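This report refers to the structure that appears directly beneath it.
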Amino acid sequence: MVRPSNRLWMWPMICLGVALASGCGSDGSTGEFAVTRDTLPGGVVRVRGPEGGTWTEETEWDLTELFRVGAVEGEGPEVFGQVWAVEMDLTGQLYVLDRLAKEVRIFDQTGGFVRALGREGEGPGEFQNPFGMAWDSAGNLWIVDVRLRRYSTFSLDGQHLREYRRTVGGYSWPWPGRFARNGRLYEASLSRDGNQLVEFEPQAELMPLDSFPLKLPDATGYWDLRDERRIGSIVQIPFAGQPEWVLDGTAKLWVGESASYSLAHQDLSGDTLMVIERNVAPVPVSPEERARAVEDLGEDANHPKMDLSRLPSTKPFFRRLIPVDTGDLWVLREGEGALWFFDVFAPDGSYRGPIKLPVEPELFPPPLIRGEHVVVVTHDELDVQSIVVYRVRRPTR
């Protein structure tokens, strides 16, 4: 069992399978706003820059808070037990999956409670271990339950529609399942015999159409505290770089290794189409952050197999990769102190610029970006969860 700290956890990952050889050609101008595109062997395009971004003071994007939901105490719908996933529909309503309450709570565009979907149980539209949500091409919400091994679907007006049997093995959190623009569902199937990304066509039943190997690397950023009988825990090393992967709306993968700032866009066969690189300095881990990370380890910090010298002196270059339906890629990063921000990349790989995030986000679930909205799950000093909804301001000049 992998036991993370409060701030860090790893989800299934695949290798970045491309050699970053010297470029065969480039275009773009010189200077701070230069965009360099090199063609690597095999036709892969490597994009670098512009280091300062393409935004100016007049065109840079920022976030405006619309509302937040969450309460410290009470019995109302604003008190969350454990937020496991968030979603937003086209009208701007917020959907919050509370794993402990075993229901999805819906809030309107001002944060007012609308209704709840589902309840604990095993009947139609009920949940035992709801784990994630996704919208299909018809505008219906799918909620995956890993214990009942099924997906429950609901219409936009909250009506329960039906269940589909879930046939993939294993699960990961955040749930990596999603519908692509082709209307098909993609979900990772994880097993000891190999990991795959399975493509499904929703019909009368959920029909598997194809599967694609997921080359998950061996975990290296962990302390293995198990004994010779393999009893014990595996604990993630705070601030250790980890591979990340995520599926975008075109059924392609974004893959990165957070120990370096290199991101690859791959098709499902594993061929790399584009590589994005940034030449930025790593952010140092402060003495206070190191001390807090060791404190979060609790009793494990004194385990005889614990090697605290493996705790890095710098932070990973990024924490989450978030593809947006416009084709942009938002990269969640942690700066010095309590500073968090997004690096935003255009569909052609050029760097637009940073967007400051006013709160410290939880990584599980990661921030959600839907249209002009950014949804962030955060917590206070007592670990009480709340959800903040922002609007993205995108001036054109």
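Since this is a predicted model, take the numbers as computed values, not measurements.
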Practice item. Check the hydrophobic clustering (I, L, V, M, F, W, Y; side-chain heavy atoms under 4.5 Å; chains of links allowed) and say if Ile106 and Phe127 are grouped together. Key: yes
Point to revise | Donor-acceptor pair, side chain of Arg162 and main chain of Ala204, under 3.5 angstrom | key: yes
Review point. Taking the six-membered ring for Trp, are Phe107 and Phe80 parallel (under 30°), tilted (30 to 60°) or perpendicular (over 60°)?
Key: perpendicular
**Study point:** Backbone of Leu100 reached by a side-chain donor or acceptor of Asp98 within 3.5 Å
**Key:** yes
Practice item. Ignoring hydrogens and angles, tell me if any N or O in the side chain of Ser233 forms a donor-acceptor pair with the backbone of Val235 under 3.5 Å. Key: no
Review point. Is Ser211 reaching over with its side chain to a backbone N or O of Val198, donor-acceptor style, under 3.5 angstrom?
Key: no
Practice item. Look at the side chain of Glu163 and the backbone N and O of Arg150, then say whether any donor-acceptor pair between them is shorter than 3.5 Å. Key: no
Exercise for review: Show your working on side-chain hydrogen bond (donor to acceptor under 3.5 Å, both in side chains) between Trp142 and Asp136 and close with a plain yes or no.
Suggested key: CA-CA 7 Å; Trp142 289 51; Asp136 67 14; 2.8 Å; yes
Revision key, fill the gap. Between the CD atom in Gln196 and the OG atom in Ser191, the distance rounded to the nearest 0.5 Å is 7.0 Å
**Study point:** salt bridge (Lys or Arg N to Asp or Glu O under 4.0 Å) involving Glu122 - partner list, sequence neighbours excluded
**Key:** none
Check your understanding: So, Arg178 and Asp325, do they make that salt bridge, N to O below 4.0 Å?
Key -> yes
**Study point:** Atom pair CH2 (Trp173) and CH2 (Trp84), whose distance is rounded to the nearest 0.5 Å
**Key:** 4.0 Å
Review point. Do the ring planes of Tyr261 and Phe345 sit parallel (below 30°), tilted (30 to 60°) or perpendicular (above 60°)?
Key: perpendicular
Review point. Under 30°, 30 to 60°, or over 60°: which ring-plane class applies to Trp175 and Tyr151, parallel, tilted or perpendicular?
Key: tilted
Review point. Salt bridge (Lys or Arg N to Asp or Glu O under 4.0 Å) with Glu126: which of Arg147, Arg119, Lys102?
Key: Arg119
Point to revise | Basic-acidic side-chain contact under 4.0 Å: Glu244, Arg320 | key: yes
